[in-house]
Amino acid sequence: MSFLLILVSCSLALATVHFQESFDGDWESRWTHSSAKSDYGKFVGTAGKFFGDEEINKGIQTSQDARFYALSAQLAAPFTSKDKPLVLQFSAKHEQNIDCGGGYLKVLPSVDGTAFNGDSKYYIMFGPDICGATKKIHFIFHYKGQNLLWKKEPRCETDTLTHVYTAIVNPDGTYEVLVDNEKRESGKLEEDWDFLKPKTIPDPEDKKPEDWVDEAEMADPEDRKPDNWDDEPETIADPDATQPDDWEEEEDGEWEAPMIANPNFKGEWKPKTIPNPAYKGVWKPRDIPNPEYEADENLHVFEDIAAVGFDLWQVKSGTIFDNIILTDSVEEAQAFYESTTGKTKVAEKEAFDKAEAEERAKEEEERKKQAEEKSDDDEDEDEDEEGEDKHDEL
């Protein structure tokens, strides 16, 4: 056994999977449909219209248009994310070619599933969000009573195939976002969310020096106005105008051509501009330490993660969610991906292409049928008109 394989095996052995769901068997016994509203949409179990492996690709699908959805599941035991990575991963398949709706999953504290709704507290909200021009991956953290939006807005997948979204939050305050097991974004929590006050602020006591030069350009002192610059007036008599035939000088006075803009008029002369040798740049006050800044090395920590849930709105239903895993091991999440969506994605694409080809063939056949029917109707009309003409001749 290679050293690398030993390391991976040890890592998996030490990993903890806090939650894993493939929606097989009696999945509804493990999940709670919220009754906080009477008109929540219903999730149904299905692999969809096309799939790579019907059993592996079976998930839960939103089934009613223009509805809110609220569904949650409790973990076997609450846990803290203090000393290990927090890895959330799931798949979303917008089979309906979604026009407006969410596809994200929430990490929750303990929650009454029957009362779960959009106002329920959550720790993390993560996943694709599509509505009109908005096509991004949401990644929201709850911190000290506020839900903090991600400063970045990476584009989510917009086709109708299955895609896997992975969020990795590390104990050192860094994070990664993967799509289909490939890195889409990464960075530091403190930099990419407004968890904390800024470390520095502009010094309110700092003042711009009186001799500070703000102008990047200046008039060229060597430039001179040409001697003939003002020779042409701004307006001139229209050379193409003619005196009207009915003009009477005794009554109308001496005729004068109307004035028009002079195409040769040069306007106000200004010297050309050149770079200002005294320019010092845009002045900004110096930065000083922010007295309100308080470091927090536990931005990644949630003490009592106890549930996961879907809280969604979809105009056009049809999204299939599957293969959720919440773990402290990136390797465990990757292995789960390889055994599920990673294992079936090629076959799914082939099934999709086949379904598309069949649909196009069906549409073409329908088009031909309609064209033939129209041609037959036109021939019948021609025969009727010919018969009427013969009748008129008789």
Quick one: does any side-chain atom of [X] pair with a main-chain N or O of [Y] as donor and acceptor, under 3.5 Å?
{"X": "S34", "Y": "T114", "value": "yes"}
{"X": "E21", "Y": "F23", "value": "yes"}
{"X": "W247", "Y": "G253", "value": "yes"}
{"X": "E249", "Y": "E254", "value": "no"}
{"X": "E95", "Y": "K49", "value": "yes"}
{"X": "Q314", "Y": "Q64", "value": "no"}
{"X": "D180", "Y": "E182", "value": "no"}
{"X": "R224", "Y": "P221", "value": "yes"}
{"X": "D203", "Y": "I288", "value": "no"}
{"X": "D328", "Y": "A15", "value": "no"}

Counting C-beta onward and ignoring hydrogens, is there a side-chain heavy-atom pair between [X] and [Y] closer than 4.5 Å?
{"X": "N170", "Y": "H300", "answer": "no"}
{"X": "K93", "Y": "F50", "answer": "yes"}
{"X": "T160", "Y": "H94", "answer": "no"}
{"X": "Q74", "Y": "V111", "answer": "yes"}
{"X": "F19", "Y": "L88", "answer": "no"}

- Identify the residue among Q89, Q334, K183 that makes a side-chain hydrogen bond (donor to acceptor under 3.5 Å, both in side chains) with T166.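 In the set Q89, Q334, K183, the residue that makes a side-chain hydrogen bond (donor to acceptor under 3.5 Å, both in side chains) with T166 is Q89.
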- Message: How long is the straight-line distance from NE2 of H142 back to CZ of F302, given to the nearest 0.5 Å?
- Response: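 Spacing of CZ (F302) from NE2 (H142) equals 8.5 Å.
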- Between atom CG of D322 and atom OG1 of T162, what is the distance when rounded to the nearest 0.5 Å?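 It comes to 8.0 Å.
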- Using 30° and 60° as the class limits, which term best fits the ring planes of F90 and F126: parallel, tilted or perpendicular?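 Perpendicular: the ring planes of F90 and F126 meet at over 60°.
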- Task: Measure the acute angle between the ring planes of F79 and H18, then classify it against the limits of 30° and 60° as parallel, tilted or perpendicular.
- Result: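 Taking H18 first and then F79, their aromatic rings lie parallel (interplane angle under 30°).
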Which atoms form the tightest heavy-atom contact between [X] and [Y], and what is the distance?
{"X": "A307", "Y": "P109", "value": "CB-O, 3.8 Å"}
{"X": "K316", "Y": "I98", "value": "O-CG1, 4.2 Å"}
{"X": "L149", "Y": "W193", "value": "O-CD1, 3.2 Å"}
{"X": "V301", "Y": "K82", "value": "CG2-CA, 3.7 Å"}
{"X": "I305", "Y": "L75", "value": "O-CD2, 3.9 Å"}
{"X": "S339", "Y": "K343", "value": "O-CD, 3.8 Å"}

[X] atom [atom1], over 12 foreign heavy atoms within 6.0 Å:
{"X": "K280", "atom1": "NZ", "result": "yes"}
{"X": "D227", "atom1": "CG", "result": "no"}
{"X": "E364", "atom1": "CD", "result": "yes"}
{"X": "K197", "atom1": "NZ", "result": "no"}
{"X": "E54", "atom1": "CD", "result": "no"}
{"X": "E359", "atom1": "CD", "result": "yes"}
{"X": "Q146", "atom1": "CD", "result": "no"}
{"X": "K37", "atom1": "NZ", "result": "yes"}

- Message: Against F195, only a single residue in Y293, F141, W150 fulfils ring pair (Phe, Tyr, Trp, His ring centres under 6.0 Å); can you say which?
- Response: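 Only one option passes, and that is F141.
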Salt-bridge present ([X], [Y]; N to O < 4.0 Å):
{"X": "D194", "Y": "K151", "result": "yes"}
{"X": "D353", "Y": "K349", "result": "yes"}
{"X": "E366", "Y": "K369", "result": "no"}
{"X": "D287", "Y": "K199", "result": "no"}
{"X": "E185", "Y": "K136", "result": "no"}

- Candidate pair N323 and S22, rule side chain to side chain donor-acceptor pair (under 3.5 Å), full reasoning: CA-CA 5 Å; N323 298 322; S22 295; 3.2 Å; yes
- Is a side-chain donor-acceptor pair under 3.5 Å present for D311 with Y122?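 On atom types as modelled, these side chains do not qualify, holding no pair under 3.5 Å.
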- Taking the six-membered ring of Y337, is the NZ or CZ of K345 close enough (under 6.0 Å from the centre) and on axis enough (within 45°)?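 No cation-pi geometry.
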- Passes side chain to side chain donor-acceptor pair (under 3.5 Å), E232 versus N262? Steps please. CA-CA 8 Å; E232 293 287 342; N262 183 357; 3.0 Å; yes
- Could you walk me through whether Y143 and D296 pass side chain to side chain donor-acceptor pair (under 3.5 Å), step by step? CA-CA 11 Å; Y143 182 74; D296 186 349; 2.6 Å; yes
